[in-house]
Amino acid sequence: MIRFGLCCIFKGEPIRFRRKTAASLKGLPRSRQLELLAEICRANAESLLSALAYCHERGIGDFRINSQILPLATHPEVGYQLRDLPGGDEIITAFKSCGELRRRHGLRTTFHPDQFVLLNSPSAEVTRHSLAELGYQAEVAELVGADVINIHGGGGYGDKPAALKRLVKRIKRLPQAVYRRLSLENDDRIYTPGELLPVCVETGVPLAYDVHHHRCLPDGLSVEEVSERARATWLEAGREPCFHLSSPRQGWTGPNPRLHHDYIQVEDFPAYWLACWLACRLGHQERITVEIEAKHKELAVLRLMAELAGRE
DNA sequence: AGCGGTCAAGTTGAT
DNA sequence: ATCAACTTGACCGCT
């Protein structure tokens, strides 16, 4: 069975996540900063509960949680811990309630730290920040029961083999709370599935296979082969596979196929995934998550689900 | 009240 | 040398 995933936000539904800018907090006394941040965290916990309830109602089995759910948590000047916020205990309880709803409905939740989180940077400073950010996301993941923290391979730094060695070394030293949730995703500019799979095998961290990125940055491996090898990395770790799908905004022959379309063109959905999972050829037990990266968000997920259901 | 420029962070490659 | 792209709007200071 395929579990479809919605990424971070909504297009049509009035469910919104709030944010805060560091600049707007800088001049304020610490206590006022914490008050404002607490209000946003509280509101975001509420929105997350609504998001999960919506997903459950509509048969969307997976929700990717925005990294900014606790805005500025690891910011060097205005950063904070949940328990330091006024009403912090209530906020923690609210996130735990999200976790209960998630578990009750069998939903999956994931995190995707953004581009600043780099485990292979030659800079100690960048690495330190990245580890702090991963630690923070693992804490929230713990509260809501999220089982994936997915990052890219990182930069190439002019020497990809050396960069991948650093990646392996740093992965092996990660705290358990991060490590057991981590996955690596092939990107559309630097690291292909073929380059990341050996890292995955060596570290036990699975490959979050993004087929759109693979089509933008091919490596000679077929979609079928990468799907199988990526699937194996997840099963080896005792985890449910998580793949990504999007369609190019202006088509595959347009000026920049990397840009995401509003919706998924159903022909971009790999036939192999359909054959294996939608048709349950591998058995009814096995599930795989396909997170849909499309600008129209839940509308795109629902449309794709309807179109694929019509094809069975 | 509404507008539009800006938002913590890194890296790359197109222009 | 600058800038958009990355998951993508939301926020905030100005009028």
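Note that the structure is predicted; figures quoted are calculated from it, not measured. Sequence lines set the chain letters: A, B, ... in the order given, protein chains first and strands last, and positions in each chain run from 1.
Residue A:Phe63 is tested with A:Val144, A:Thr110, A:Leu48 for a side chain to side chain contact (heavy atoms under 4.5 Å, CB included); the sole match is A:Leu48. Here the options are A:Leu259, A:Thr253, A:Asn256, A:Asp268, the test is side chain to side chain contact (heavy atoms under 4.5 Å, CB included), and the partner is A:Pro248; only A:Asp268 passes. For the pairing with A:His244, the side chain to side chain donor-acceptor pair (under 3.5 Å) check across A:His213, A:Glu185, A:His212 returns one residue only, A:Glu185. For the side chain to side chain contact (heavy atoms under 4.5 Å, CB included) criterion with A:Ile60, the lone passing option out of A:Val301, A:Ile292, A:Leu52 is A:Val301.
Atom CH2 of A:Trp273 is separated from atom CG of A:Leu308 by 11.0 Å, given to the nearest 0.5 angstrom. Taken to the nearest 0.5 Å, the CD atom of A:Glu139 stands 6.5 Å off from the CZ atom of A:Arg83.
Contacts of A:Ile190 with the nucleic acid, taken as non-hydrogen atoms under 4.0 Å apart, involve only primed sugar atoms and P, OP1 or OP2. Residue A:Ser121 is in sugar-phosphate contact alone, with no base atom involved, counting any heavy-atom pair closer than 4.0 Å across all strands shown. Nucleic acid contact class of A:His75 (heavy atoms, under 4.0 Å, all strands): base.
Remark: the separation of the P atoms in C:dC11 and B:dA8 is 13 Å, to the nearest Å. Distance check on atom C1': B:dT6 versus C:dC3 gives 15 Å, rounded to whole Å. Comparing B:dA1 with C:dT7, their C1' atoms sit 30 Å apart, to the nearest whole Å. The P atoms of C:dC12 and C:dT8 are separated by 22 Å, rounded to the nearest whole Å.
Partners of A:Lys172 by salt bridge (charged side-chain N to carboxylate O under 4.0 Å, His left out), not counting sequence neighbours, listed by chain and number: A:Glu202.
Annotation: A:Arg58, atom CZ; neighbour count of heavy atoms from other residues, nucleotides and ligands within 6.0 Å does not exceed 12.
Listed in residue order, the members of residues 156-168 of chain A having a heavy atom less than 4.0 Å from DNA chain B are A:Gly156, A:Tyr157.
Helical stems in DNA chain B, defined as runs of 3 or more consecutive Watson-Crick or G-U wobble pairs with donor-acceptor distances under 3.5 Å: B:1-7 with C:9-15, B:10-15 with C:1-6.
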Worksheet, complete the sentence: Counting primed atoms, P, OP1 and OP2 as sugar-phosphate and everything else as base, the B/S/- map of nucleotides 1-15 of chain C against protein heavy atoms under 4.0 Å is ----SBBBBSSS---

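Ring centroid separation for the pair A:His129 and A:Phe116 does not come in under the 6.0 Å cut-off. The six-membered or imidazole ring of A:His260 lies away from that of A:His296, with a centre-to-centre distance of 6.0 Å or more.
The footprint of chain A on DNA chain B, defined by a heavy-atom cutoff below 4.0 Å, extends from B:dA8 to B:dG13.
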Worksheet entry | Derivation and outcome, side-chain contact (heavy atoms from CB on, under 4.5 Å), residues A:Thr109 and A:Asp62 | CA-CA 6 Å; A:Thr109 47; A:Asp62 168 270; over 6 Å; no

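In summary, the side chains of A:Glu291 and A:His112 do not present any donor paired with an acceptor at a separation below 3.5 Å, with no hydrogens or angles considered.
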Identify every side-chain donor-acceptor pair in residues 72-82 of chain A under 3.5 Å, counting partners at least two apart or on other chains, and give the distances.
{"residue": "A:Thr74", "atom": "OG1", "partner": "A:Glu133", "partner atom": "OE1", "Å": "2.6"}
{"residue": "A:His75", "atom": "ND1", "partner": "A:Glu77", "partner atom": "N", "Å": "2.9"}
{"residue": "A:His75", "atom": "ND1", "partner": "A:Val78", "partner atom": "N", "Å": "3.2"}
{"residue": "A:Tyr80", "atom": "OH", "partner": "A:Leu70", "partner atom": "O", "Å": "3.4"}
{"residue": "A:Tyr80", "atom": "OH", "partner": "A:Pro71", "partner atom": "O", "Å": "2.7"}

